[in-house]
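Right, one structure below, let's go through it.
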Number of protein chains: 4
Amino acid sequence: MARPRSEDKRNAILAAATEVVAAHGPSAPTARISRAAGVAEGTLFTYFDDKDALLNELYLALKRDVRDTLMAGYPASASLVDRARHVWNRYVDWGASQPAKHRAMAQLAVSDRVTAQCRELGSAMLAEVEALVHGVAWRGEMADQPPAFAAAILMALAETTMGFVQREPDEAERYRRAGFDAFWRAVSKE
Amino acid sequence: MARPRSEDKRNAILAAATEVVAAHGPSAPTARISRAAGVAEGTLFTYFDDKDALLNELYLALKRDVRDTLMAGYPASASLVDRARHVWNRYVDWGASQPAKHRAMAQLAVSDRVTAQCRELGSAMLAEVEALVHGVAWRGEMADQPPAFAAAILMALAETTMGFVQREPDEAERYRRAGFDAFWRAVSKE
Amino acid sequence: MARPRSEDKRNAILAAATEVVAAHGPSAPTARISRAAGVAEGTLFTYFDDKDALLNELYLALKRDVRDTLMAGYPASASLVDRARHVWNRYVDWGASQPAKHRAMAQLAVSDRVTAQCRELGSAMLAEVEALVHGVAWRGEMADQPPAFAAAILMALAETTMGFVQREPDEAERYRRAGFDAFWRAVSKE
Amino acid sequence: MARPRSEDKRNAILAAATEVVAAHGPSAPTARISRAAGVAEGTLFTYFDDKDALLNELYLALKRDVRDTLMAGYPASASLVDRARHVWNRYVDWGASQPAKHRAMAQLAVSDRVTAQCRELGSAMLAEVEALVHGVAWRGEMADQPPAFAAAILMALAETTMGFVQREPDEAERYRRAGFDAFWRAVSKE
DNA sequence: AATGAATGAGAATTCATTCAT
DNA sequence: AATGAATGAATTCTCATTCAT
């Protein structure tokens with residue numbers, strides 16, 4: 001049998017794409033991505049049908065990464081506030097410690113090269129987060145709004161927080177806590 | 001390059017660029033923009049030195065538009081909460097009623113073609129918003145955080161709200177109010 | 001107004017394509033064609049949507065050229081044999097004196113890049129030849145065959161003849177006559 | 001390069017190449033040929049040095065196939081007309097019943113990837129046909145022309161006939177006969 | 001020997017920008 | 001000033017060929 005397709009190489013391409021898309025947007029040349037991945041220009045296309053496929057798969061890979069990060073060590077039986085804090089902290093840390101991933105996701109989120117179907121898959125992946133927030137909002141101030149609204153607020157505030165943590169890493173703990181408290185006041189009762 | 005004559009034409013190009021960048025990102029061809037503006041391909045370059053200049057000026061124009069919208073009819077002597085609500089409502093309405101502007105700004109915000117200097121100019125333009133929020137936060141829950149943090153939270157929550165208002169225009173009023181209340185709980189004392 | 005599109009340039013591209021396709025087939029690079037035409041690579045695409053459009057238009061242009069050549073000076077009221085000889089001589093001379101056109105047509109005739117629709121247009125253009133041959137065959141040996149069969153025989157014999165005339169130009173007259181006589185014996189009565 | 005083992009595999013590649021070249025011309029990717037042959041991309045190159053070698057060998061294989069077909073059951077001692085008719089019928093049937101082979105040969109005949117030397121080898125293979133036609137022409141109308149001219153006319157008319165037989169298989173017998181009669185009138189005396 | 005992943009030199013386009021009209 | 005044709009560098013993707021498995 002011939003050389004098998006290498007999962008490592010595929011991951012290298014995705015990692016390189018993360019960096020390049022973060023820095024230059026989805027319109028960055030594929031040649032730059034393959035160079036950053038240390039493979040030949042053509043090799044990129046044995047792992048991804050075309051550039052759009054790469055961008056869409058990158059989007060999903062990043063979403064999956066977030067999901068796995070948020071859910072790792074999820075304290076399913078802890079109190080609501082502790083579970084929410086777990087998700088919050090994980091998400092802020094994820095973004096703050098990996099600015100390229102965060103930025104790449106921001107770029108792909110507004111790119112028309114990511115298909116609607118792919119976006120749906122991505123959101124579905126965060127359904128668990130939404131369920132959690134739903135629990136928070138259920139008897140809280142957001143009782144009259146759809147759960148997606150509270151979830152969107154969580155993500156938006158966390159992303160805002162990420163930016164500050166990134167720029168002032170020494171104050172990470174303070175921002176993370178202040179951000180969470182703001183979120184908690186915003187959506188929970190009392 | 002000759003001196004441009006018509007302010008109308010310049011505005012038509014900026015308006016066209018707003019639509020095109022909103023739909024396809026900053027990498028959309030200038031030819032598409034000029035076509036949408038109803039001018040010849042070359043004409044675009046008598047009004048803007050090059051594509052980067054156009055994008056940067058578009059970014060500033062959008063920021064200016066936001067600033068003017070927020071500040072029009074600003075009730076300088078009203079209570080803090082009323083002034084904050086004014087800004088909030090204006091901003092949400094601006095984005096919800098002009099999705100292309102909102103989306104174009106989102107695209108430019110993550111584009112590396114908008115220079116750091118241009119971004120600074122843009123933020124400076126929203127200094128007044130920041131000052132207002134500072135007033136809110138001053139004795140509020142955010143007293144220990146930099147005012148920019150509270151201001152960023154305002155913008156982030158307002159932008160989240162815009163999205164919901166856009167998708168469910170019939171519920172505009174409800175979302176606008178729910179969003180503002182969430183913001184107010186998040187940052188003000190009591 | 002801007003520089004108008006130049007018919008000369010378009011023709012230069014078609015002429016260059018004739019030479020290049022004749023020599024290297026339809027898979028020859030467009031860059032080679034534009035170079036041969038003395039225009040920039042991109043210019044080719046302001047005159048032709050894409051390579052397929054160029055090849056199809058070239059096919060039609062060659063067919064039109066043949067038609068015009070055959071029909072120029074057509075002795076409509078001469079005897080059948082004289083009219084047939086006119087067409088024969090013109091066609092053989094066309095191919096023998098312009099081997100590139102002949103060869104390019106041969107290449108395009110077997111290329112799957114020339115569409116069925118385009119082929120039909122091309123054949124329609126030679127309807128007059130077919131009508132003539134029909135007259136020849138009408139009471140001749142081919143009375144029981146469709147007129148297209150006799151017409152195809154004319155073209156096939158003429159193309160065979162072209163090849164010999166090309167390789168032995170000194171014997172042009174002899175081959176031309178011998179070919180026509182063969183054709184005439186093949187299809188006419190007596 | 002290792003010595004190829006299986007004659008079957010080599011033939012499978014040539015057969016696949018026949019189909020693919022017939023349908024898409026000599027510029028069709030080797031990957032398509034190997035896929036059609038049911039072998040790996042690399043395997044093609046253990047049987048043929050490179051793509052040009054494959055195309056040239058395919059050309060010769062097709063010529064050989066024609067020669068063998070024409071000569072199988074050749075009635076060496078029959079009358080001239082019967083021998084000619086034998087060759088004619090075999091050739092027309094060969095092409096009409098195997099359009100891919102016919103079409104592939106037509107493609108290779110105008111391709112610049114088939115070398116002059118290879119073409120000569122191919123013609124030499126049909127020397128016997130030429131000798132036969134020479135006999136026909138010897139005392140016929142073509143007495144003053146080189147025998148190659150009469151032979152070329154045979155092939156051209158037969159190929160024209162093939163096309164009609166292919167499109168109207170029910171009329172095969174009629175076209176085959178009409179074509180031969182036309183040929184015979186064209187070149188024989190009386 | 002057979003496989004098919006890897007390679008990088010092209011290939012067809014696209015596109016920002018210039019410039020003749 | 002306005003126009004849009006002309007330019008050629010840059011871009012995405014293909015493909016013959018090599019080579020690790």
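We name chains A, B, ... by the order of the sequence lines, and we start the count at 1 in each one. These values consider heavy atoms only, across backbone and side chains, with no hydrogens, waters or symmetry-generated copies.
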Which residues satisfy the side chain to side chain donor-acceptor pair (under 3.5 Å) test with [X], sequence neighbours excluded?
| X | answer |
| --- | --- |
| D:D52 | D:R113 |
| A:R10 | A:E57 |
| B:E19 | none |

(request) Determine which pairs satisfy side chain to side chain donor-acceptor pair (under 3.5 Å) with at least one residue from residues 24-43 of chain A, sequence neighbours left out, and list them in order. (result)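 Found A:H24-A:R32, A:H24-B:D112.
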Considering only [options], which nucleotide approaches the side chain of [X] most closely?
| X | options | answer |
| --- | --- | --- |
| C:F45 | F:dT7, E:dT18, E:dT13 | E:dT13 |
| C:R3 | F:dT21, E:dC19, F:dT3 | E:dC19 |
| B:T43 | F:dA2, E:dT21, E:dG4 | F:dA2 |

(message) I'd like to know if the side chain of A:Y47 reaches the main chain of A:R5, judged simply by a donor and an acceptor atom lying under 3.5 Å from each other, with no hydrogens or angles considered.
(response)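 No.
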How many whole angstroms separate atom [atom1] of [X] from atom [atom2] of [N]?
| X | N | atom1 | atom2 | answer |
| --- | --- | --- | --- | --- |
| A:D50 | E:dT13 | CG | P | 17 Å |
| D:Y47 | E:dT3 | OH | C1' | 13 Å |
| A:F48 | F:dT12 | CZ | P | 15 Å |
| A:L44 | F:dC13 | CG | P | 9 Å |
| B:R32 | E:dA16 | CZ | C1' | 16 Å |
| C:R5 | F:dA6 | CZ | P | 8 Å |

(message) What residues from residues 6-26 of chain A pass a heavy-atom cutoff of under 4.0 Å to DNA chain E?
(response)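 Result for residues 6-26 of chain A: A:K9, sorted by number.
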(request) Give me the residues of residues 53-62 of chain D where at least one heavy atom lies under 4.0 Å from an atom of DNA chain F, by number, or none. (result)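 Here the set is empty: none.
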Could I get the full list of side chain to side chain contact (heavy atoms under 4.5 Å, CB included) partners for [X], not counting sequence neighbours?
| X | result |
| --- | --- |
| C:A15 | none |
| A:A23 | none |
| B:R64 | B:L60, B:A61, B:R67, B:D68, B:M125 |

(request) Anything below 3.5 Å on both distances counts as a pair; with that, list the stems of at least three consecutive Watson-Crick or G-U pairs involving DNA chain E. (result)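 When the pairs of DNA chain E are grouped into runs of at least three, the stems are E:2-21 with F:2-21.
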Which donor-acceptor pairs under 3.5 Å do the side chains of residues 100-109 of chain A make with protein atoms, sequence neighbours left out?
unit_1: A:K101; atom_1: NZ; unit_2: A:D65; atom_2: OD2; d: 2.8
unit_1: A:K101; atom_1: NZ; unit_2: A:Q98; atom_2: OE1; d: 2.9
unit_1: A:R103; atom_1: NE; unit_2: A:A22; atom_2: O; d: 2.7
unit_1: A:R103; atom_1: NH2; unit_2: B:V110; atom_2: O; d: 3.3
unit_1: A:Q107; atom_1: NE2; unit_2: B:V110; atom_2: O; d: 2.6

If you restrict it to nitrogen or oxygen atoms, what contacts under 3.5 Å exist between nucleotides 9-11 of chain F and the protein, and what is each distance?
none

